[in-house]
Amino acid sequence: MESPSQTPSYDYIIVGSGSAGCVLANRLSADPSIRVLLLEAGGKDNWIWMKIPVGYLFCIDNPRADWCFRTANEPGLNGRSLLYPRGRTLGGCSSINGMIYMRGQKRDYDEWAALTGDDSWNWDAVLPIFKGSEDNHRGSSEWHGVGGEWRVEAQRLSWDILDAFQAAAGETGIPPVEDFNKGNNFGCGKFDVNQRKGVRLSASTAFLKPVMKRPNLTVLTGAHVKRVLIGQGRAAGVEFLRGGALRQEYATAEVILAAGAVASPQLLQLSGVGPPGLLSGMGIPVVHALEGVGANLQDHLQMRMGFRVSNIRTLNERSQSLFNKALMGLEYLLFRSGPLSMAPSQMGAFAHSDASQQTPNLEYHVQPLSLEKFGEPLHPFPAFTASVCNLRPTSRGTVHIASPDFRQAPEIKPNYLATETDRRVAVEAIKLTRKIVAADALKPYRPEEFMPGPQAASDSELIQAAGDIGTTIFHPVGTCKMGDDVMAVVDSRLKVRGLRGLRVVDASIMPTITSGNTAAPVMMIAEKASQMILADRKAR
């Protein structure tokens, strides 16, 4: 990784090497006349646990791979604060996430088009972009592409308890489905994953590593950006800390923030772009007033329901002895299969919380294991977890700087379960889960609910229980939303409103959260942004 020169030698500076930043660096530097600098605050992604799929257990809440953020104490979660993982390495969150390939629903993108007044964001327009970067195990079709960098594979293991859950869901009116990525999602089936032969595929591995030797691409790790340099209404470059020294680099064309839904609004605010009241209160001069910076935070809150079972195998009991762990390690070493190849969730389901929902508004992540909370050992008894989240929450939170010091974490307030609608959906989701688990297909295994437990029965008790068992599923979006209303931060071409030479390209630009896992949509956003950036460059 070469050190940059001290003269303005870049056309584009990209801040953040996550799912969006790696795609941007690849696509922009494909033109040898375009000089690109990619800055990453974390380190290289060469740790073994960033390659073995089950390694997310060791990466999350580990400063080697994670920013280790926490939320504020959440009233809707009965005063609890949550761990809020965000990738801090090449590949960003794609190096530590659940590897699930999920586009969302047609309605999501049609809604974006309606909210922005730009039909280029509708489903029919973005589907070819998804397909263009795909290399899907299903082959080329109306829905999928082959030959792209982003490999999509079937999982390499199965569990009888998950098959039983799928059958139970079918009895409850949620049919089996083979492919969640055709625009609706309704049904129950196994998730496809971003792996290559049982090894995690990150954005860094797929998009960045193959082009690192391009002479017009410079990648710096350990480069923590302090602020965007803005003068006369234009972003000129960035100031960042690397190797104990503050440095500045300048871009002749654009600065592109791809740091994610937490760090991008934080960086804008530190640069004097954001709500004037917040900035003034922190002693930061207001460079450009934009009330929406850091507002509109949305996330998927999952309720982790646990069920003890009998007469069937789960990962819980397999993980209790060193001998079994050794066997699992050997299976992975020889065949790249078995529990070490597992995504955090293997079985998924999309359902309706009530009959008024035109498309599924619930997503299940079902696992052949259980634990009290992340980071703790698996329970010693056989059990499975059925986590269910509201795909379209109406609660909105904020990400605001808590200090003018760029090294200090911002204050993250997701504001979970703040609306009556979200609380009602949570209650219905728990009831639906109980209905599925009570179906005939699971009866031979005598499931017994222990999270939250059958004592939570009335609606008020279920709301309390949702606050007790609810946790993030790591999908924050929306904090620099695109649109043309007073709270919009970027326009539909992802340019920061009222400033020149500055774009945001990551999950923060979503006006509404997608109906599913967010990694694939972020890559689509970056692909589309690359096309827009190159088109604008050509027009100039």
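Computed from a predicted model, the values in this text were never measured in an experiment.
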For this session: Starting from the C-alpha separation in whole Å, work towards a yes-or-no answer on side chain to side chain donor-acceptor pair (under 3.5 Å) for Ser120 and Lys528.
Result: CA-CA 9 Å; Ser120 73; Lys528 182 173 173 58; 2.9 Å; yes
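- Using modelled atom types and a 3.5 Å distance limit, the side chains of Asp192 and His137 yield a donor-acceptor pair.
- For Tyr416, the side-chain hydrogen bond (donor to acceptor under 3.5 Å, both in side chains) test picks out Asp299, with sequence neighbours left out.
- Under the side chain to side chain donor-acceptor pair (under 3.5 Å) criterion, the residue pairs touching residues 51-74 are Arg70-Ser81, with sequence neighbours excluded.
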Problem set entry | Trace of the side chain to side chain donor-acceptor pair (under 3.5 Å) decision for Asn415 with Ser395 | CA-CA 6 Å; Asn415 209 23; Ser395 301; 5.7 Å; no
Would you mind writing out the side-chain donor-acceptor pairs for residues 224-232 within the sub-3.5 Å range, not counting sequence neighbours?
residue, atom, partner, partner atom, Å
Arg227, NE, Glu239, OE1, 2.7
Arg227, NH2, Glu239, OE1, 3.3

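- The closest side-chain heavy-atom distance from Arg151 to Asn136 is not below 4.5 Å.
- Asp135 contributes no side-chain N or O that, together with a main-chain N or O of Glu149, makes up a donor-acceptor pair within less than 3.5 Å.
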For this session: Mind running side-chain contact (heavy atoms from CB on, under 4.5 Å) on Val193 and Val152 for me, showing each step along the way?
Result: CA-CA 6 Å; Val193 291; Val152 181; over 6 Å; no
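- In this structure, the side-chain hydrogen bond (donor to acceptor under 3.5 Å, both in side chains) partners of Ser204, at least two apart in sequence or on a different chain, are Asp45.
- In this view, Asn216 and Ser29, Arg214 satisfy the side chain to side chain contact (heavy atoms under 4.5 Å, CB included) rule, not counting sequence neighbours.
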For this session: Give the intermediate values and the outcome of side-chain contact (heavy atoms from CB on, under 4.5 Å) for residues Val36 and Asp11.
Result: CA-CA 6 Å; Val36 178; Asp11 298 298; over 6 Å; no
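- A donor-acceptor contact under 3.5 angstrom links the side chains of Glu40 and Ser17, judged on distance only.
- You'll find the side chain of Tyr12 stays beyond 4.5 Å of the side chain of Leu37, heavy atoms only.
- With contacts defined as side-chain heavy-atom distances shorter than 4.5 Å, the pair Met510/Ile525 qualifies.
- From Lys131, atom NZ reaches atom CD of Glu142 across 7.0 Å, with rounding to the nearest 0.5 Å.
- Taking the six-membered ring wherever Trp is involved, the centroid distance between the rings of His300 and Phe474 does not fall below 6.0 Å.
- Residue pairs that meet the side chain to side chain donor-acceptor pair (under 3.5 Å) test with at least one member in residues 260-277, sequence neighbours left out, are Ser264-Asp506.
- Asp405 is linked by a side-chain hydrogen bond (donor to acceptor under 3.5 Å, both in side chains) to Arg407, counting only residues two or more places apart in sequence or in another chain.
- Every pair passing side chain to side chain donor-acceptor pair (under 3.5 Å) that includes a residue from residues 96-112 is listed here, sequence neighbours excluded: Asn97-Arg200, Tyr101-Arg103, Tyr101-Glu134, Arg103-Glu134, Arg103-His144, Gln105-Thr359, Lys106-Asp110, Asp108-Ser515, Glu111-Thr512, Trp112-Thr512.
- The side chain to side chain contact (heavy atoms under 4.5 Å, CB included) test applied to Ala409 returns Phe69, not counting sequence neighbours.
- In this structure, His365 and Pro344 have side chains that are not in contact, with every pair of non-hydrogen atoms separated by 4.5 Å or more.
- The closest donor-acceptor contact from the side chain of Glu153 to the backbone of Lys197 lies under 3.5 Å.
- Side-chain contact between Met99 and Leu201 is absent, with no heavy-atom pair separated by less than 4.5 Å.
- Evaluation of the side chain to side chain donor-acceptor pair (under 3.5 Å) test over residues 253-263, restricted to residues two or more places apart or in two chains, returns Glu254-Arg503.
- Counting all heavy atoms, side chain and backbone alike, Ser341 lies closest to Gly198 at CB-O, 4.4 Å.
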Problem set entry | side-chain contact (heavy atoms from CB on, under 4.5 Å) assessment of Phe350 paired with Met102 | CA-CA 12 Å; Phe350 289 82; Met102 187 68 59; 3.8 Å; yes
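- Listed for the Gln298 side chain is a donor-acceptor partner under 3.5 Å among the backbone atoms of Ile513.
- A distance of 6.0 Å or more separates the ring centres of Tyr250 and Tyr10.
- Residues forming a side chain to side chain contact (heavy atoms under 4.5 Å, CB included) with Pro75 (at least two apart in sequence, or on another chain): none.
- Gly237 and Ile13 make their closest contact through CA-CD1, 4.4 Å (heavy atoms, listed as atom of the first residue, atom of the second, distance).
- Arg86 pairs by the side-chain hydrogen bond (donor to acceptor under 3.5 Å, both in side chains) definition with nothing, not counting sequence neighbours.
- In this structure, Ile256 and Leu24 have side chains that are in contact, with non-hydrogen atoms separated by less than 4.5 Å.
- Not a single donor-acceptor pair under 3.5 Å links the side chain of Asn361 to the backbone N or O of Leu391.
- Atom-to-atom distance recorded for Ser345:OG and Phe191:CZ is 6.0 Å, nearest 0.5 angstrom.
- Distance CD1/Ile60 to CD1/Ile96: 5.0 Å, rounded to 0.5 Å.
- Between the side chain of Asn26 and the backbone N or O of Val23, no donor-acceptor pair lies under 3.5 Å.
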Exercise. Between Leu90 and Leu208, is a side-chain contact (heavy atoms from CB on, under 4.5 Å) present by the stated rule, with each step listed?
Worked result: CA-CA 9 Å; Leu90 290 176; Leu208 187 60; 4.0 Å; yes
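- Tested against Val262, the residues Ile412, Leu267, Leu297 include a single side-chain contact (heavy atoms from CB on, under 4.5 Å) partner, Ile412.
- Distance check: Leu270 CG to Ile401 CD1 gives 5.0 Å after rounding to the nearest 0.5 Å.
- A distance of 11.0 Å separates CG in Asn184 from CD in Gln358, rounded to the nearest 0.5 Å.
- The pair Asp491-Arg497 does not meet the salt-bridge criterion, since no charged nitrogen lies less than 4.0 angstrom from a carboxylate oxygen.
- For the pair Arg493 and Asp536, the minimum side-chain heavy-atom distance is below 4.5 Å.
- Checking side-chain atoms of Ser94 against main-chain N and O of Ala203 turns up a donor-acceptor pair under 3.5 Å.
- Residues Met482 and Leu494 form a side-chain contact, since some pair of their non-hydrogen atoms from C-beta on lies under 4.5 Å apart.
- Distance check, rounded to the nearest 0.5 Å: CG of Leu499 to CG of Leu290 gives 7.0 Å.
- Side-chain atoms of Arg396 come within 3.5 Å of backbone atoms of Pro393 as a donor-acceptor pair (strictly under, hydrogens ignored).
- Side-chain N or O atoms of Thr89 include none that pairs as donor or acceptor with a backbone N or O of Gly92 at under 3.5 Å.
- Between Arg27 and Asp31 no salt bridge is recorded (no basic side-chain N to carboxylate O distance below 4.0 Å).
- Looking only at distances, a side-chain donor or acceptor of Thr116 sits under 3.5 Å from a matching main-chain atom of Asp118.
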